[in-house]
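The structure appears right after this line, and notes come after that.
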Amino acid sequence: MVVRSSTHDDYNGSVDNLIINKKTGEVLCAIDDVHTNDSDIADRDPFRGKAEKIKKIAQNGGVKVKYGLTVETGKLQRMPLKNVPLFYLGLTTTEYKDLANNITENLSAEVSDTERQIFLKLIGSLEEQKTALQNLHLQTGIKNNLEKMEQTLQSLRRL
């Protein structure tokens with residue numbers, strides 16, 4: 001389940017969204033959405049600075065989410081969170097426009113090709129960033145949370 005973060009956590013922790021495992025209630029990670037123009041991709045790596053910021057946050061124990069959510073007994077519960085791995089989702093202007101124009105509004109309909117492509121890009125990006133973070137010297141709390149993500153990422157890849 002993906003939920004939007006509070007304005008406070010967005011401004012103070014770069015947390016735009018949280019990904020929560022509905023079955024276990026575990027918060028898998030926080031996402032910082034990053035947007036770039038298509039021309040920036042050809043000229044340079046526009047997400048390099050964001051990747052370095054994410055590494056520093058991980059080395060400091062991950063993000064703290066003041067107004068977090070989890071799932072307990074099938075219901076959303078508000079609670080502060082700590083040691084949450086932060087990742088970024090970088091999309092270009094074209095990808096955002098394609099997604100907006102091709103998103104399926106009917107929840108029982110098949111997922112569009114564009115939605116599937118963006119979803120797979122997200123999963124691939126999370127896997128790459130997780131691997132990069134796991135190669136760092138990290139505090140136990142965030143290290144454990146990164147390890148918990150593996151099974152969920154594998155099941156998402158199969159969707």
Side-chain angles (χ1 to χ4, degrees), residues 1-36 40-41 44-93 95-96 99-100 103 107 111 115-159:
M1 168 175 45
V2 178
V3 295
R4 185 85 177 124
S5 71
S6 70
T7 302
H8 170 85
D9 290 314
D10 185 4
Y11 289 132
N12 293 299
S14 298
V15 176
D16 293 317
N17 301 285
L18 295 171
I19 299 180
I20 303 171
N21 184 322
K22 288 194 303 188
K23 291 180 183 175
T24 66
E26 292 176 332
V27 175
L28 300 176
C29 64
I31 302 289
D32 184 10
D33 299 330
V34 183
H35 174 262
T36 189
D40 290 340
I41 295 292
R44 58 186 176 82
D45 180 4
F47 305 121
R48 183 175 169 199
K50 185 57 74 171
E52 292 304 315
K53 179 180 176 182
I54 297 293
K55 286 179 183 178
K56 286 180 184 173
I57 289 170
Q59 289 172 318
N60 289 321
V63 293
K64 292 179 183 174
V65 181
K66 185 173 182 178
Y67 301 103
L69 292 171
T70 188
V71 177
E72 290 180 17
T73 61
K75 295 181 181 178
L76 286 174
Q77 300 293 320
R78 293 182 192 146
M79 65 183 333
L81 306 167
K82 63 180 182 176
N83 301 124
V84 179
L86 178 66
F87 299 102
Y88 68 91
L89 172 59
L91 296 177
T92 66
T93 302
E95 289 169 325
Y96 270 116
L99 184 58
I103 198 162
L107 295 178
V111 174
E115 288 174 299
R116 186 174 319 285
Q117 289 171 0
I118 298 294
F119 180 76
L120 291 174
K121 180 177 179 169
L122 168 65
I123 299 307
S125 179
L126 290 176
E127 290 172 338
E128 287 176 19
Q129 291 176 66
K130 183 178 82 63
T131 299
L133 294 182
Q134 286 177 312
N135 290 328
L136 301 173
H137 179 71
L138 301 174
Q139 297 173 11
T140 304
I142 190 168
K143 185 181 278 191
N144 291 341
N145 286 337
L146 284 168
E147 289 171 8
K148 290 177 188 177
M149 288 182 64
E150 185 59 37
Q151 185 177 3
T152 302
L153 284 173
Q154 287 179 11
S155 64
L156 289 174
R157 179 59 88 177
R158 292 188 295 264
L159 292 177

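What's counted below: heavy atoms across the whole structure, side chains too, no hydrogens, waters or symmetry copies. Index from 1, following the sequence.
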Yes or no on side chain to side chain contact (heavy atoms under 4.5 Å, CB included) for Leu126 and Ile19, after CA distance, side-chain angles and deciding distance?
CA-CA 11 Å; Leu126 290 176; Ile19 299 180; 4.3 Å; yes
Between the side chains of Asp10 and Thr7, does any donor sit under 3.5 Å from an acceptor?
no
Please confirm whether the backbone N or O of Arg116 pairs with a side-chain atom of Lys121, one donor and one acceptor, at under 3.5 Å?
no
Do the side chain of Gln129 and the main chain of Ala51 share a donor and acceptor less than 3.5 angstrom apart?
no
Output the distance between atom CE (Met1) and atom CD1 (Ile20), rounded to the nearest 0.5 Å.
4.5 Å
Over all atoms of both residues, closest heavy-atom pair of Leu18 and Ala30
CD2-CB, 3.9 Å
Donor-acceptor pair, side chain of Glu95 and main chain of Thr92, under 3.5 angstrom:
yes
Closest non-hydrogen atoms of Ile31 and Cys29, given as atom of the first, atom of the second and distance, are CD1-SG, 4.0 Å
Side chains of Gln134 and Lys130, donor plus acceptor under 3.5 Å
yes
Is a donor on one side and an acceptor on the other found under 3.5 Å between the side chain of Asn12 and the backbone of His8?
yes
Any idea which heavy atoms bring Phe87 and Leu133 closest together, and the distance?
CE2-CD1, 3.7 Å
Kindly compute the distance separating OG (Ser125) from CG (Leu91), expressed to the nearest 0.5 Å.
9.0 Å
Tell me which donor-acceptor pairs under 3.5 Å the side chains of residues 62-72 have, and how far apart each pair is, sequence neighbours excluded?
residue : atom : partner : partner atom : Å
Thr70   : OG1  : Gly25   : O            : 2.2

Note: Asn83 and Asn145 closest approach over all heavy atoms is O-ND2, 2.7 Å
Just checking Lys82: does its NZ atom have more than 12 heavy atoms from other residues, nucleotides or ligands closer to it than 6.0 angstrom?
no
Hey, what do you get for NZ (Lys55) to CG (Leu86), rounding to the nearest 0.5 Å?
14.0 Å
Donor-acceptor contact present, side-chain Asp33 to main-chain Leu89, <3.5 Å:
no
Side chain to side chain contact (heavy atoms under 4.5 Å, CB included), that's the test. Do Leu146 and Met149 meet it? Break it down for me.
CA-CA 5 Å; Leu146 284 168; Met149 288 182 64; 4.2 Å; yes
If I compare all heavy atoms of Ile123 with all of Leu153, which pair ends up nearest, and what's the gap?
CG2-O, 4.3 Å
Checking Lys53 against Ser14: is there a side-chain donor and acceptor pair closer than 3.5 Å?
yes
Could you grab the distance from atom CG of Asp9 to atom CZ of Arg4, nearest 0.5 Å is fine?
11.0 Å
Stepwise side chain to side chain contact (heavy atoms under 4.5 Å, CB included) check, Val15 with Asp32
CA-CA 5 Å; Val15 176; Asp32 184 10; over 6 Å; no
